[in-house]
S.K.: 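Sharing a structure, written as structure tokens. Questions coming.
Here the structure is a predicted model, which is why all the values come from computation and not from measurement. The residues of the chain are indexed from 1 along the displayed sequence.
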Amino acid sequence: MMAMNIERFVSEGKGNGLRALREIKAGEVIHSCEPYAFCIAKDFLKTACHSCLKRDESLSRCSQCKTARYCSVQCQKQAWPDHKRECKCLKRLQPRIPTDSVRLLTRIIFKLLGQSESDQEDLYSIAEHQSHLADMSEEKKEGLGHLCTTLQLYLGEENHDLSQLPPGLDPVSLLARVTCNCFSISDGELQDVGVGLYPSMSLLNHDCQPNCVMIFEGKRLTLRAVRLIRPCEEDCDMLAGEKAAWTSLRDAIPHLEQLQSEQRWEELLKESQALLHRYADVVPDRNIYVLRLLDLAMDACISLGDYETALEYGHRALEPYKLYYSDPHPSRAVELLRVGKLQHYLSRLEEAQGTFTQAYDIMKVTHGTDHALTNEFGVSETKYTAVRSIDYRLDDLSHCSCTNLCLPGNTEQPIKFMHFKNN
């Protein structure tokens, strides 16, 4: 499929890129692939199958390492080739669990040591990935060094095999490549359940108004066009409002996200609301930092059971989402789902049906009609008759970050959408 649709080329000012070889229509699958290597995110080690990524609270665990978990015997058998050597490493380090990047790198190393030339991706190999080591600060290089020390402890007796790695792919260089080029593997509501390396997909260039999006079904990545592929369009105004004001908001966000990760909901809501009120007259909702605050405040309200206020924040966020994520885009669909679930819970059924309709029309293009999240609507001849029967658990709505724009000045922010260039 890839060879028919796209090719690798050098993008002026951006380096390597991918471009279309023919006209690609909205909703069309451009490319679909399994990861070269992947691992489950640390927060989901006990609740996601380590093969298909299915979420379940009662998974069977590996009898040896006590860490890997599977939803079925079939999944355990399918995962064994990748888990076999990893299992010894996990067992050796019990009860400690290395970071996601170390566990992913270990799987990549084992695969590199066992692969043949025919296993290489056709457009972009791991050796061709940029490490950007020369551009890194000393602090980041020191951090890579610490991770490499953890890697050596994790590998244990497997360390002697590192000398057999391909030229130029020493652990530090590999770790830098993985850090710069891996993707978060998201579930239907864009929660990051894993991390994987998809070498050729690293050629995609970021754009704030993309013409294609990445959707995951389990660990399988599908690149789907969301509109007719055409030349790059101008970005929208992410930094509207007074600079001094939105700079303060930008600087406050890491602290607020820490409160979110620690589930300190009352503090998060109080501080988010104070900032939104303080700068309401000088920074509009379309500013990307205000949009992030609206998402954080909405999550806090849901977790505290204040669904009316959560819905108010959700409504405020919809227009900025439409601005940044021009239809069809999965991030806007997920935000519409969150708002629709709140409306449904609050018995605003007609409003909910309209919101779900918008979300479904987007997901038909971005996810495809076969995706599990799309099928959740129970679509049939009476498209939305099943909407009211869905169990919309409000706890599913929080902790689901939908603001995945690359925040200016924060190159570490995850990017869940890309721009795909054409000729």
Side-chain angles (χ1 to χ4, degrees), residues 1-25 27-39 53 81-82 100-101 104-105 107-132 165-169 173-186 192 194-207 210-226 229 232 330 366-368 404 406 414-423:
M1 182 184 297
M2 178 179 282
M4 294 172 57
N5 292 334
I6 53 181
E7 69 174 358
R8 175 180 171 180
F9 79 117
V10 177
S11 175
E12 185 175 354
K14 296 183 179 180
N16 290 301
L18 293 177
R19 61 185 175 191
L21 292 173
R22 61 174 179 82
E23 181 177 287
I24 301 175
K25 298 178 180 179
E28 188 174 345
V29 173
I30 301 169
H31 179 58
S32 185
C33 62
E34 295 286 327
Y36 180 83
F38 82 101
C39 71
L53 278 69
D82 290 327
D100 297 350
S101 56
L104 175 60
L105 178 59
R107 285 190 159 206
I108 291 171
I109 287 173
F110 290 155
K111 190 156 187 177
L112 283 170
L113 291 172
Q115 78 174 9
S116 63
E117 288 295 322
S118 60
D119 294 327
Q120 293 286 342
E121 285 235 356
D122 52 347
L123 284 179
Y124 208 42
S125 68
I126 294 178
E128 292 176 290
H129 278 103
Q130 298 297 310
S131 67
H132 300 289
L165 286 170
L169 294 183
S173 175
L174 270 173
L175 188 56
R177 284 173 165 85
V178 170
T179 303
C180 295
N181 294 286
C182 65
F183 290 94
S184 295
I185 302 174
S186 308
D192 297 336
V195 60
L197 185 66
Y198 301 79
S200 290
M201 292 298 94
S202 299
L203 291 167
L204 292 166
N205 288 317
H206 165 69
D207 193 281
N211 51 21
C212 70
V213 294
M214 291 184 299
I215 297 296
F216 292 92
E217 187 81 48
K219 60 181 180 289
R220 188 171 189 83
L221 183 156
T222 298
L223 187 68
R224 190 181 292 269
V226 294
I229 302 296
C232 188
T366 60
H367 292 62
N404 294 310
C406 186
I415 300 172
K416 296 192 188 300
F417 56 90
M418 302 287 168
H419 188 81
F420 180 74
K421 288 182 173 248
N422 68 329
N423 287 310

S.K.: Taking Leu53's backbone N and O only, do any of them form a donor-acceptor pair with Lys219's side chain (distance below 3.5 Å, no angle check)?
M.R.: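 The answer is no, because no donor-acceptor pair under 3.5 Å joins these two groups.
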S.K.: Let me confirm one number: the CD-CG distance from Glu28 to Leu223, rounded to the nearest 0.5 Å.
M.R.: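 Between Glu28 CD and Leu223 CG, I get 11.0 Å after rounding to 0.5 Å.
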S.K.: How long is the span from the CE atom in Met201 to the CZ atom in Phe183, to the nearest 0.5 Å?
M.R.: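 Nearest 0.5 Å value for the CE-CZ distance: 7.5 Å.
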S.K.: Could I get the full list of salt bridge (charged side-chain N to carboxylate O under 4.0 Å, His left out) partners for Glu217, not counting sequence neighbours?
M.R.: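 Residues passing salt bridge (charged side-chain N to carboxylate O under 4.0 Å, His left out) with Glu217: none at all.
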S.K.: Work out which heavy atom in Val29 is nearest to a heavy atom in Thr222; give both atom names and the distance.
M.R.: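 Smallest heavy-atom distance, with atoms named: CG1-CG2, 3.8 Å.
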S.K.: To the nearest 0.5 Å, what is the distance between CZ on Arg220 and OH on Tyr198?
M.R.: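 With rounding to 0.5 Å, CZ (Arg220) is 9.5 Å from OH (Tyr198).
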S.K.: Looking at every non-hydrogen atom in both residues, tell me the closest pair between Cys212 and Val226 and how far apart they are.
M.R.: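 Residues Cys212 and Val226, closest heavy atoms: N-CG2, 3.8 Å.
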S.K.: Tell me the closest heavy-atom pair linking Pro330 and Val213, and the distance in Å.
M.R.: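 What the structure gives for the nearest pair is CD-CG1, 3.5 Å.
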S.K.: With heavy-atom distances below 4.5 Å as the criterion, would you say the side chains of Leu197 and Pro35 are in contact?
M.R.: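 Contact flag for Leu197/Pro35 side chains = no.
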S.K.: Could you list the residues that satisfy salt bridge (charged side-chain N to carboxylate O under 4.0 Å, His left out) with Arg224, not counting sequence neighbours?
M.R.: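 Once residues adjacent in sequence are excluded, Arg224 has no partner under the salt bridge (charged side-chain N to carboxylate O under 4.0 Å, His left out) criterion.
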S.K.: Quick one: closest heavy-atom pair of Ser186 and Phe216, and the distance?
M.R.: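 Reported closest heavy-atom pair: O-CB, 3.3 Å.
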S.K.: Could I get the full list of side chain to side chain donor-acceptor pair (under 3.5 Å) partners for Asp82, not counting sequence neighbours?
M.R.: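 Result, side chain to side chain donor-acceptor pair (under 3.5 Å) vs Asp82: none returned.
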S.K.: Closest approach of Thr366 and Ile215, non-hydrogen atoms and distance?
M.R.: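 Between these two residues, the closest heavy atoms are O-CG1, 2.9 Å.
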S.K.: Which value, rounded to the nearest 0.5 Å, describes the distance between Asp100 atom CG and Leu105 atom CG?
M.R.: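 Between atom CG of Asp100 and atom CG of Leu105 there are 12.5 Å.
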S.K.: Can you sort out the partners of Phe38 under ring pair (Phe, Tyr, Trp, His ring centres under 6.0 Å), two or more places apart, ordered by chain and number?
M.R.: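 Ring pair (Phe, Tyr, Trp, His ring centres under 6.0 Å) check on Phe38 returns nothing, list empty.
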S.K.: Using 0.5 Å steps for rounding, measure from the OH atom of Tyr36 to the CG atom of Leu112.
M.R.: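 Here the interatomic distance stands at 3.5 Å.
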S.K.: Give, for atom NE2 of His129 and atom CG of Leu169, the distance between the pair rounded to the nearest 0.5 Å.
M.R.: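 So the NE2 of His129 and the CG of Leu169 are separated by 11.0 Å.
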S.K.: Could you walk me through whether Ile126 and Leu174 pass side chain to side chain contact (heavy atoms under 4.5 Å, CB included), step by step?
M.R.: CA-CA 8 Å; Ile126 294 178; Leu174 270 173; 3.9 Å; yes
S.K.: Minimum heavy-atom separation for Lys25 and Ala225, please, with both atom names.
M.R.: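 Looking at all heavy atoms of both residues, the closest pair is O-CB, 3.4 Å.
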